[in-house]
Amino acid sequence: MVNGVFELQRSRFAIALQLLIFIVILSLTYSLLALWIWLMCVCMMAVAWVLFLKRPQIKQFEYLDEQECSFEFSDPTLAIQRRQIVKILDHHAYITLYFSKHKQQPCVIWWDQLSHSQWKKLKLRAKLA
């Protein structure tokens, strides 16, 4: 394994957290809304969650130099992209990468997406950045 290569897996923790929040919101709104409005909200939330899960996920990224990285996506139709990282924030359970172009959405990397050694290397990069 090269020092600057990070291979990501799908985060089971993030999916479980999203599902838990989904259930909490539905249980709280069940008593507040009429049944037909609640069912409509269930359908809209389910569609939004499925669309969110279908977004292309980052499969691997590699540091090319200090701030420049190449990103490979799980969707084979997407080409490998070069992005410049301007900020790395460590939130303990996840790390957020912010890019120089505003059109590129920030990348969230959860602790269970990387091996323990890769997670420690990324946390070290976040501290040094």
Side-chain angles (χ1 to χ4, degrees):
M1 178 183 75
V2 180
N3 191 22
V5 177
F6 298 96
E7 295 185 24
L8 297 149
Q9 304 165 0
R10 187 173 274 287
S11 175
R12 292 183 293 264
F13 179 76
I15 292 173
L17 183 65
Q18 292 167 6
L19 187 60
L20 178 69
I21 292 171
F22 183 79
I23 292 170
V24 167
I25 290 172
L26 289 179
S27 63
L28 290 174
T29 58
Y30 180 74
S31 61
L32 298 174
L33 300 173
L35 183 61
W36 68 273
I37 296 174
W38 183 78
L39 288 173
M40 190 171 62
C41 288
V42 169
C43 292
M44 289 183 349
M45 286 175 64
V47 166
W49 194 43
V50 167
L51 290 176
F52 178 75
L53 288 177
K54 285 192 173 200
R55 286 186 4 201
Q57 301 292 322
I58 294 175
K59 180 179 169 184
Q60 172 180 323
F61 71 97
E62 178 178 3
Y63 274 91
L64 302 175
D65 62 12
E66 189 63 32
Q67 298 298 327
E68 191 81 23
C69 291
S70 67
F71 287 85
E72 181 182 350
F73 294 91
S74 58
D75 185 5
T77 60
L78 290 174
I80 295 176
Q81 297 179 3
R82 291 180 71 148
R83 296 181 179 184
Q84 185 176 6
I85 297 175
V86 292
K87 186 174 15 172
I88 302 175
L89 291 179
D90 182 7
H91 296 278
H92 300 293
Y94 63 93
I95 292 176
T96 308
L97 306 175
Y98 292 95
F99 304 111
S100 61
K101 293 184 181 176
H102 295 290
K103 292 180 183 178
Q104 298 168 338
Q105 294 200 357
C107 172
V108 176
I109 301 171
W110 290 87
W111 61 271
D112 65 339
Q113 287 184 277
L114 295 170
S115 67
H116 185 68
S117 62
Q118 286 184 332
W119 178 250
K120 291 294 182 185
K121 286 178 187 175
L122 190 60
K123 286 182 78 71
L124 181 63
R125 282 199 181 262
K127 286 181 183 178
L128 295 176

Q: Grab the two heavy atoms, one from S11 and one from Q113, that are nearest each other, plus how far apart they are.
A: CB-CG, 3.5 Å

Q.
Quick check for you: to the nearest 0.5 Å, what is the distance between L32 atom CG and I37 atom CD1?
A. 11.0 Å

Q. Out of curiosity, R82 CZ to L64 CG, how far, rounded to the nearest 0.5 Å?
A. 5.0 Å

**Q.** Nearest atoms (heavy-atom pairs only) where I15 meets R10
**A.** CD1-CD, 3.7 Å

Q) What distance do D112 atom CG and Q9 atom CD have between them, rounded to the nearest 0.5 Å? A) 8.0 Å

Q.
Would you compute the distance between atom CG of L114 and atom CD1 of I109 and round it to the nearest 0.5 angstrom?
A. 6.0 Å

**Q.** L97 with L124, same ILVMFWY side-chain cluster at under 4.5 Å
**A.** no

Q. Taking C-beta and beyond as the side chain, do K120 and H116 meet within less than 4.5 Å on heavy atoms?
A. yes

Q. If Ile, Leu, Val, Met, Phe, Trp and Tyr residues are connected whenever their side-chain heavy atoms lie under 4.5 Å apart, and connections chain through other members, are V42 and L35 in the same group?
A. yes

Q) What residues form a side-chain hydrogen bond (donor to acceptor under 3.5 Å, both in side chains) with R83, not counting sequence neighbours? A) Q81

Q. Could you go step by step and tell me if Q18 and L53 meet the side-chain contact (heavy atoms from CB on, under 4.5 Å) rule?
A. CA-CA 10 Å; Q18 292 167 6; L53 288 177; 4.2 Å; yes

Q | Atom pair CD1 (I80) and NZ (K59), whose distance is rounded to the nearest 0.5 Å | A | 9.0 Å

Q: Give every residue pair that meets the ring pair (Phe, Tyr, Trp, His ring centres under 6.0 Å) criterion with at least one member in residues 66-92, sequence neighbours excluded.
A: F61-F71, F71-F99, H91-Y94

Q. Do the side chains of V86 and I58 join up, straight or via other hydrophobic residues, at under 4.5 Å, putting them in one cluster?
A. no

Q: Flag yes if W36 and M45 sit in one hydrophobic cluster, no otherwise; membership is Ile, Leu, Val, Met, Phe, Trp, Tyr, and two members link when side-chain heavy atoms are under 4.5 Å apart.
A: yes

**Q.** Note, C41 side chain near T29 side chain (heavy atom, < 4.5 Å)
**A.** no

Q. So, do L8 and W110 sit near enough that their side-chain heavy atoms are less than 4.5 Å apart?
A. no

**Q.** SG-OH distance between C107 and Y98, expressed to the nearest 0.5 angstrom
**A.** 11.0 Å

(Q) Quick check on the hydrophobic clustering: are L89 and W111 connected, directly or via other members, by side-chain heavy-atom contacts under 4.5 Å? (A) no

